[in-house]
2 protein chains.
Amino acid sequence: MVTLAEVAQHAGVSASTVSYVLSGKRSISVPTRERVEQSIKQLGYHPNAGARALASSRSNIIALMVPLRTDMYVPVMMEIAIAVATTARTHGYDVLLLTGEEGPAAVRRIAGSSLADAMILMDVELHDERLPLLRETDRAAVLIGLPADTDGLTCVDLDFEATGALCVEHLAGLGHREVAVIGEAAAVYERHTGFAERTVDGVRAKAREAGVRVLHRPCEGGYPAMAQTLSRIFDERPGTTGFIVQNESAVEPLLNLLRQQGRAVPEDVSVVAICPEQVAAQASVRLTSVAIPAQEMGRRSVEQVVAKLSGRGTDEVELLAPELTVRESTGPAPG
Amino acid sequence: MVTLAEVAQHAGVSASTVSYVLSGKRSISVPTRERVEQSIKQLGYHPNAGARALASSRSNIIALMVPLRTDMYVPVMMEIAIAVATTARTHGYDVLLLTGEEGPAAVRRIAGSSLADAMILMDVELHDERLPLLRETDRAAVLIGLPADTDGLTCVDLDFEATGALCVEHLAGLGHREVAVIGEAAAVYERHTGFAERTVDGVRAKAREAGVRVLHRPCEGGYPAMAQTLSRIFDERPGTTGFIVQNESAVEPLLNLLRQQGRAVPEDVSVVAICPEQVAAQASVRLTSVAIPAQEMGRRSVEQVVAKLSGRGTDEVELLAPELTVRESTGPAPG
DNA sequence: ATGAAAGCGCTAACAA
DNA sequence: TTGTTAGCGCTTTCAT
């Protein structure tokens, strides 16, 4: 392995000069810098990560804790993770992938060992077990999601209340007066991840304002569950003409079932989805939707974390504004 | 931060003793060990990762390179990644998440900096750019996938030839004589990832043996593409009664289109899918399928890597045996 | 069974 | 603008 000392010798300078060329922390004369850079290239030098971490007490690693639940929509997690990893690289950081399995202990382990300079936690629950530990730690952290108490924490999330409101606004604008919300599986609500509730809150608030009736039903995904949920909805509210779906695995079943029942989309009923763009665009009817901005969430969380690490930190809740894209699943209310 | 020296002082022993208690690399008297463990717990000591890496030249980190392509089925990648992370932890390793973005340079960077002790590469292509670098490196590595030249490399993958054969065998056993293979998008074949070709090879070989006619068509996912592909298949081979689908985003469109055309599954046509269990089980018709054993692939790749790191290394290609699960999409050939 | 001490490769004062 | 040097916290030989 090529060491910094070898580079120094090869370039005819001291070790610290090489170090400073690398870090840019002090000015180096042009010829010296060029010689050093030349030597680095020639010898194929790469700074040793461990030594660097030890000497500087900075690992340049960000830990990303992803849940290992299966009831969250996986592509979104992956998209966030990829966005985190690529954004982190542009700031000189690598990403350590932690699964939720270790639970709160992982926070202690990573912080204690100085393996990572900072942590990004995904799928945060309202009363997340990891938060107390996180607050004790001096480590920088950013949450993707919104816990009940955000005091002293930095959070990034989609503004789900605004999302719910936006969906209602769109449907109301098209003349729909009876709207059903098909939500996540009951387990998601019970887990109190918050986002599902926040969406419904937003829906309700805007509905009241717009004079729209709302019926909210959680739904496990898949055909059988969706069939049951749908028939119950029409039993209870036969006049329902608008649907807001926040459950990827219910989208396609819903469309199929409506078709089977002879209800045309969007002529008879309108459907707005809250889901990743890809799901909306590839569904059997191209769906009017509010996108889950997974990439943006990943990117912003890294930027927040990097800001914190550079002292420009802000303990702030950043809610991303929802955007509704009109496609072919919504139209004027019938009649 | 609590250091090893502090633990030593607190326990009234030398630093090396504490180190050896931790590593188990030499025998320690019971009372001493207990005192040390007591101190460790009491002080909340965690060994510093950087110092450890520097002194031992082992980071206890495995790098995982995931592709950032979008044309691979994302949940499978994620499942592998999670399996890698959790399995790694059981062996005392953490996982560094690298995206393909950096390309071959990432291999150099990680190896050069000793950031990771080993690498696991996903989505390996037949003539992968990273392989030459990998061979130069002394770092342990395992590929998920099968390049053209596996010499000196350890690979883990599903046995796609056997998978293709297994599908044909199942259909042939049910009396089907004309089978169509709906493959991945053309881009996947052009990229020469290999697995798609291997499947078709397996299909062809077994078909010859079983006297089954085979038509193979790549297919972009989604409805329009699937519609076109399907009509071409029936134009060319009106007698087709069996389908083998290796393309997650074509599955649901295919089922819908067959239904629309009045072809009942499995009464008129049978469908075998090569896809994750979840996709097969949640489709609108529960699909007979060969599963992509994502977890197993992740787990095995870590175990291989760990074996290599402990010297018990094997440069071996490990092909996982496919398993076909019969569900409701296959039945006897009509007529 | 335990201790003492020499590094591992780098960073960052402190000097010049 | 550059060099000298003292650690960073741990592992591991060499002693005892």
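By convention in this document, chain letters (A, B, ...) are assigned in the order of the sequence lines, proteins followed by strands, and residues within each chain are numbered from 1. Here the structure is a predicted model, which means the values were calculated and not measured.
- Of the two residues near DNA chain D, B/Met1 and A/Thr17, the one whose nearest nucleotide lies more 5' is A/Thr17.
- Rounding to whole angstrom units, NZ of residue A/Lys25 and P of C/dT11 are separated by 8 Å.
- Heavy atoms of other residues, nucleotides or ligands lying less than 6.0 angstrom from CD of A/Gln42 number more than 12.
- Closest contact between the side chain of B/Ser16 and the listed nucleotides C/dG3, D/dG3, D/dT11 involves C/dG3.
- The base of D/dT1 lies outside donor-acceptor range of the side chain of A/Arg26, with no N or O pair under 3.5 Å.
- Distance A/Asn48 CG to C/dC8 C1': 8 Å, rounded to the nearest Å.
- The side chain of B/Ala55 sits closest to D/dC10 out of D/dT4, D/dC10, C/dG9.
- When heavy atoms are screened at a 4.0 angstrom cut-off, B/Ser23 is found touching no nucleic acid atom at all.
- Considering only side-chain atoms of A/Ile28, the nucleotide from D/dT2, C/dC8, C/dC10 that sits closest is D/dT2.
- Across all strands, B/Ser57 comes closer than 4.0 Å to no nucleic acid atom at all (heavy-atom distances).
- C/dA1 atom C1' lies 15 Å from atom CD of B/Glu34, rounded to whole Å.
- Distance, B/Ile40 CD1 to D/dG9 P: 16 Å, rounded to whole Å.
- With D/dC10, C/dG3, C/dA13 as the candidates, the nucleotide lying closest to the side chain of B/Thr3 is D/dC10.
- Remark: side-chain polar atoms of B/Thr87 are not paired, donor with acceptor, to backbone N or O of B/Val302 under 3.5 angstrom.
- In terms of phosphate contacts, B/Thr32 brings a side-chain nitrogen or oxygen within less than 4.0 Å of OP1 or OP2 of C/dT2.
- For C/dC10, neither phosphate oxygen OP1 nor OP2 lies less than 4.0 angstrom from any side-chain nitrogen or oxygen of A/Ser19.
- Summarising the geometry, the separation between CD on B/Gln9 and P on C/dG3 is reported as 13 Å, rounded to the nearest angstrom.
- Rounded to whole angstrom, the span from the CG atom of A/Leu43 across to the P atom of C/dG9 amounts to 15 Å.
- In this entry the distance linking CZ of A/Arg52 with P of C/dG9 reads 15 Å, nearest Å.
- One can place CG of B/Leu4 at 12 Å from P of C/dG3, the figure rounded to the nearest angstrom.
- Candidate nucleotides D/dG3, D/dT12, C/dG9 were compared by shortest atom distance to the side chain of B/Tyr20, and D/dT12 ranks first.
- When every heavy atom of A/Arg135 is checked against every heavy atom of A/Asp151, the shortest pair comes out as NH2-O, 3.0 Å.
- Each of B/Leu309, B/Ile120, B/Val156, B/Leu143 was compared with B/Gln304 under the side chain to side chain contact (heavy atoms under 4.5 Å, CB included) criterion, and only B/Val156 meets it.
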